[in-house]
Amino acid sequence: VVLPQTTVEIFQYAMANTTSETGSYTVNWEELTEFFALDDGAFYQSDLAGDLKFHGDYMFYLLTSSLAYCPNITSVTIDAYQTYLGQFIFEEDSALQKVEFNWTTTMAAGLFTGCDSLGKIVFDSTTPVELSIYGGGSFQFNYSWTEEEEAEKLSVQVPEEVVGIYVKK
């Protein structure tokens with residue numbers, strides 16, 4: 001899918017349930033230099049595939065379930081000054097293996113629920129993430145795992161000089 005270079009946002013469920021005869025498709029993300037938001041369910045249950053790379057000069061928003069149930073996404077890199085991550089963005093993205101964020105300001109609990117191939121999350125910022133937990137309970141990236149499974153299966157990488165700050169958060 002080739003979106004116009006002037007695309008800045010994909011609205012609620014605009015590309016939800018989109019399929020391809022081949023079983024997968026990609027988008028020209030790297031050409032969308034002004035792009036800043038995927039609204040709720042933007043690509044929900046779609047055949048979107050591959051390594052997604054988003055860039056933004058300031059804020060980048062991934063809202064609730066914007067990339068959920070996309071079984072062909074393998075990695076996501078968000079290189080933006082700040083990033084807001086809503087609930088269940090990547091829910092059940094079974095092929096997702098790695099996610100990297102330049103600077104994430106807010107992250108909702110459970111956004112990787114069902115991403116059982118996910119092995120690595122990288123935070124490149126020296127400023128810790130603000131965690132959002134809706135309802136009771138503790139924070140987890142993947143609620144389909146026990147806390148013990150998550151600790152065993154998932155590597156979370158932060159800059160070495162601020163490990164102590166992230167742990168306190």
Please walk me through it: do V156 and F123 pass side chain to side chain contact (heavy atoms under 4.5 Å, CB included)? CA-CA 8 Å; V156 178; F123 296 102; 3.8 Å; yes
Does T77 form a side chain to side chain contact (heavy atoms under 4.5 Å, CB included) with L52? I'd like the steps, not just the answer. CA-CA 6 Å; T77 301; L52 310 186; over 6 Å; no
Would F141 and I121 count as a side chain to side chain contact (heavy atoms under 4.5 Å, CB included) if you check the C-alpha gap in whole Å, the side-chain angles of each, and the deciding distance to 0.1 Å? CA-CA 10 Å; F141 293 104; I121 300 173; 3.7 Å; yes
Run I10 and D39 through side chain to side chain contact (heavy atoms under 4.5 Å, CB included) and show every step you take. CA-CA 6 Å; I10 298 188; D39 291 349; over 6 Å; no
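The same ILVMFWY cluster, assembled from side-chain heavy atoms under 4.5 Å apart, contains both L48 and L3. Y143 and L154 fall into different hydrophobic clusters, where Ile, Leu, Val, Met, Phe, Trp and Tyr are joined by side-chain heavy atoms under 4.5 Å apart, directly or via other members. Following chains of ILVMFWY side-chain contacts shorter than 4.5 Å, one cannot reach Y13 starting from V1, and the two form parts of different hydrophobic clusters. Note on Y61: it clusters hydrophobically with V8, by side-chain heavy-atom contacts below 4.5 Å among ILVMFWY residues. Criterion: ILVMFWY side-chain heavy atoms under 4.5 Å apart, direct or through other members. Under it, V163 and F101 are part of a common hydrophobic cluster.
To the nearest 0.5 angstrom, S65 atom OG is 10.0 Å from Q45 atom CD. Note: L38 CG to L62 CG = 5.5 Å, rounded to the nearest 0.5 Å. Taking CG from D93 and SG from C115, the interatomic distance works out to 5.0 Å, rounded to the nearest 0.5 Å. Within the model, atoms CD of E149 and CD of Q140 stand 9.0 Å from one another, a figure rounded to the nearest 0.5 Å. Of the inter-residue distances, the one linking T74 atom OG1 with L96 atom CG reads 7.5 Å to the nearest 0.5 angstrom. Note that CZ of F43 is 9.5 Å distant from OG of S66, once rounded to the nearest 0.5 Å.
Counting heavy atoms from C-beta outward, M15 and Y44 have side chains that stay 4.5 Å or more apart. Put simply, the side chain of F112 does not reach to within 4.5 Å of the side chain of I89, judged on heavy atoms. Annotation: side chain of E91 is not in contact with side chain of L111 (no heavy-atom distance under 4.5 Å). Side-chain contact between V99 and L118: present, with at least one pair of heavy atoms (C-beta onward) separated by less than 4.5 Å.
Side-chain contact check for S20 and D47: no donor-acceptor pair (N or O, by modelled atom type) lies under 3.5 Å. In this structure, a donor-acceptor pair under 3.5 Å is absent between the side chains of Y25 and T19. Checking K120 against Q97 by side-chain atom types alone, no donor-acceptor pair falls below 3.5 Å.
Atom CD of E161 has more than 12 heavy atoms from other residues, nucleotides or ligands within 6.0 Å.
Scanning both residues, L32 and Q5, for their nearest heavy atoms gives CD2-CA, 3.9 Å. For the residue pair K98 and V122, the shortest heavy atom distance occurs at CE-CG2, 4.0 Å. For the residue pair K53 and W29, the shortest heavy atom distance occurs at O-CB, 3.2 Å. The shortest non-hydrogen separation linking P71 to S94 is CB-OG, 3.8 Å. The two residues G41 and A16 make their nearest non-hydrogen contact at O-CB, 3.6 Å.
Under the rule for a side chain to side chain contact (heavy atoms under 4.5 Å, CB included), the partners of N142 that lie at least two apart in sequence or sit in another chain are T113, D116, S144, W145, E150.
The closest donor-acceptor contact from the side chain of N72 to the backbone of S24 lies at 3.5 Å or more, if one exists at all. Side chain of N17 to backbone of S46: no donor-acceptor contact under 3.5 angstrom is found. Here the side chain of D79 pairs no donor or acceptor atom with the backbone of H55 at under 3.5 angstrom.
Between F60 and Y84, the ring centre distance reaches or exceeds 6.0 Å. Under the 6.0 Å cut-off for aromatic ring centres, F90 and F88 do not qualify, their centroids lying 6.0 Å or more apart.
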